Number of protein chains: 2
Amino acid sequence: MNAACSVSPLGLRERKKLRTRRAIRDAAYRLFAEQGFDATTVDRIAAAANVSTSTFFRYFPTKEELVLSEDPPARSLSEELAARPADEPPLTALRNALHAGVERARSDPGALRRARQRMELIASVPSIRDRLHEAMAGPGRAALARALATRTGRAPDSLETNVLVGAVLGAFREALLHWAGTEPDTDVTDLFDRTVDALARDLTT
Amino acid sequence: MNAACSVSPLGLRERKKLRTRRAIRDAAYRLFAEQGFDATTVDRIAAAANVSTSTFFRYFPTKEELVLSEDPPARSLSEELAARPADEPPLTALRNALHAGVERARSDPGALRRARQRMELIASVPSIRDRLHEAMAGPGRAALARALATRTGRAPDSLETNVLVGAVLGAFREALLHWAGTEPDTDVTDLFDRTVDALARDLTT
DNA sequence: CCGGATCTGGGAGTCACTATCATTTGAGAG
DNA sequence: CTCTCAAATGATAGTGACTCCCAGATCCGG
């Protein structure tokens with residue numbers, strides 16, 4: 001009892017839920033790789049994960065969200081951004097935050113490879129790709145807006161700040177989709193640097 | 001025969017198709033306004049337009065596309081952009097192209113009002129709003145990329161150009177969504193100017 | 001006016017997703 | 001250990017978007 005409790009602060013119930021969530025995700029990604037996203041029914045995923053179809057929808061609101069809900073970049077990005085000195089201009093802070101984020105991701109060696117595979121899936125399924133812009137922001141969008149607003153002196157909910165958030169998300173959506181079409185060992189840092197450079201150099205009056 | 005042909009270069013068949021397309025769209029918008037997007041079934045729209053459900057899907061691939069396929073801004077924007085002098089920097093050309101586009105839209109007095117109502121619908125339905133980014137580009141995306149690429153010296157299919165396209169679309173997606181939440185008589189030109197200003201002033205290194 | 005292409009309506013079917021209810025299972029109190 | 005309650009699960013039925021297919025109607029060119 002005590003031994004089990006000290007190992008994990010979560011009760012059996014919570015641990016089971018995490019296991020189920022993971023089982024569904026793993027089964028889904030395996031089947032997507034084998035037969036493609038559209039050809040894989042939710043019933044089939046649920047069966048492969050040994051749960052009922054009802055349970056699938058209790059864990060994921062839609063089949064697309066199973067792919068999109070994982071790791072919305074805006075959350076971690078806004079945290080890294082908030083950690084940068086306040087006097088860095090927006091694009092410099094963004095570049096440094098991205099470097100820090102990639103660096104942190106390298107601590108888990110499989111993380112980049114999994115992210116890359118996920119992006120390949122997203123890029124190859126139109127219905128998911130279309131919703132990537134919104135999904136990238138996710139619930140972390142407000143935090144991203146605040147992080148950018150502190151560097152521009154605008155209000156976090158102003159048109160100007162929202163425009164900035166939209167532009168940054170739109171830019172990195174392209175960067176990520178581009179990544180999915182490159183050699184698997186392409187360095188993400190280079191890609192992000194080129195993206196920030198493009199925003200800084202080519203978006204001029 | 002000759003009379004009819006001189007009035008319209010389209011045969012009876014083509015004219016009927018246009019009328020049907022318009023009938024479906026009008027019926028749909030009317031029903032959406034009355035009962036909302038989600039509560040309006042495709043069967044109901046088809047019945048109101050006096051066509052079968054099959055015919056609905058022959059004219060529009062999905063219910064969402066009925067709203068999104070109308071007037072993708074990237075097409076007209078890329079045309080106005082191509083008409084600007086080649087030595088204007090990207091954001092200046094973009095601003096002037098937007099002015100020209102809005103000016104042209106004013107020739108049809110109902111156009112802006114309809115566009116505004118359409119944006120209110122898009123902004124209020126999450127499943128449509130999520131897909132707005134892709135829909136804004138539409139088939140005119142390639143032309144927009146070319147128009148921007150000529151001003152930056154980049155290749156039209158380069159990462160840098162795609163990043164620029166994504167940023168511009170992301171920025172104006174926010175502008176349009178903001179527009180949908182403002183007073184109905186808000187001037188679009190001001191909105192677009194503020195958007196371009198935000199890109200120029202706040203997106204700095 | 002006729003032969004072929006095209007458009008339409010109808011019906012059957014798939015699949016994502018929702019709502020509901022009975023059953024099971026982990027959590028916590030005694 | 002047991003009892004109770006809340007939460008998780010599974011099964012079922014249903015809705016609605018969308019596809020496929022076929023038979024009949026409509027338009028078009030010769």
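This one's a predicted model, so the numbers in the text were calculated from it and none came from an experiment. Chain identifiers are assigned alphabetically (A, B, ...) following the order of the sequence lines, protein sequences preceding nucleic acid strands; residue numbering begins at 1 within each chain.
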I need the CG-C1' distance between B/D43 and D/dG16, as an integer number of Å. 8 Å
First of A/P61 and B/S52 reached from the 5' end of DNA chain C, by closest nucleotide: B/S52
B/F60 near the nucleic acid: base, sugar-phosphate alone, or nothing, with a heavy-atom cut-off under 4.0 Å? nothing
Hey, is the side chain of A/T41 poking within less than 4.0 Å of OP1 or OP2 on C/dC15, counting only N and O atoms? no
Counting the atoms with a prime plus P, OP1 and OP2 as sugar-phosphate, which does A/S127 contact under 4.0 Å by heavy atoms, base, sugar-phosphate, or nothing? nothing
When you compare the side chain of A/R173 with that of B/H133, does any pair of heavy atoms fall below 4.5 Å? yes
Could you check which of C/dA16, C/dT8, D/dT26 has an atom nearest any side-chain atom of A/V42? C/dA16
Any chance the side chains of A/S127 and A/E64 put a donor and an acceptor closer than 3.5 Å? yes
DNA chain D: B/E14 or B/T40, which has the more 5' nearest nucleotide? B/T40
Can you tell me how far P of D/dA11 sits from CZ of A/F56, to the nearest Å? 17 Å
Could you tell me whether the side chains of B/R154 and B/N162 share a donor-acceptor contact shorter than 3.5 Å? no
Side-chain N or O of A/K17 versus OP1/OP2 of D/dA8: is the shortest distance under 4.0 Å? yes
What nucleic acid atoms does B/Y59 come within less than 4.0 Å of, heavy atoms only: base, sugar-phosphate, or nothing? sugar-phosphate
Taking OP1 and OP2 of D/dA8, is either one under 4.0 Å from a side-chain nitrogen or oxygen of A/K16? no
No-H, no-angle donor-acceptor pair, A/R58 side chain to D/dG10 base, under 3.5 Å: yes
Indicate whether the side chain of B/E65 and that of B/Y59 have a donor and an acceptor atom separated by less than 3.5 Å. no
Per the atom types in the model, does the base of C/dG10 pair as donor or acceptor with the side chain of B/S54 at under 3.5 Å? yes
Whole-Å distance separating the CD1 atom of B/I24 from the P atom of D/dC18: 14 Å
Please report, rounded to the nearest Å, how far the C1' atom of C/dC17 is from the NZ atom of A/K63. 12 Å
Once you round it to whole Å, what is the distance between P of D/dT19 and CD of B/E65? 12 Å
Got a donor-acceptor contact below 3.5 angstrom from the A/T161 side chain to the A/A155 backbone? yes
Integer-rounded Å distance: D/dC18 C1' and B/E64 CD: 12 Å
Length of the CG-P vector between A/D38 and D/dA17, whole Å: 19 Å
Contact class for B/T62 vs. all strands (heavy atom < 4.0 Å): base, sugar-phosphate, or nothing? sugar-phosphate
Separation of C/dA16 C1' from A/I45 CD1 (nearest whole Å): 11 Å
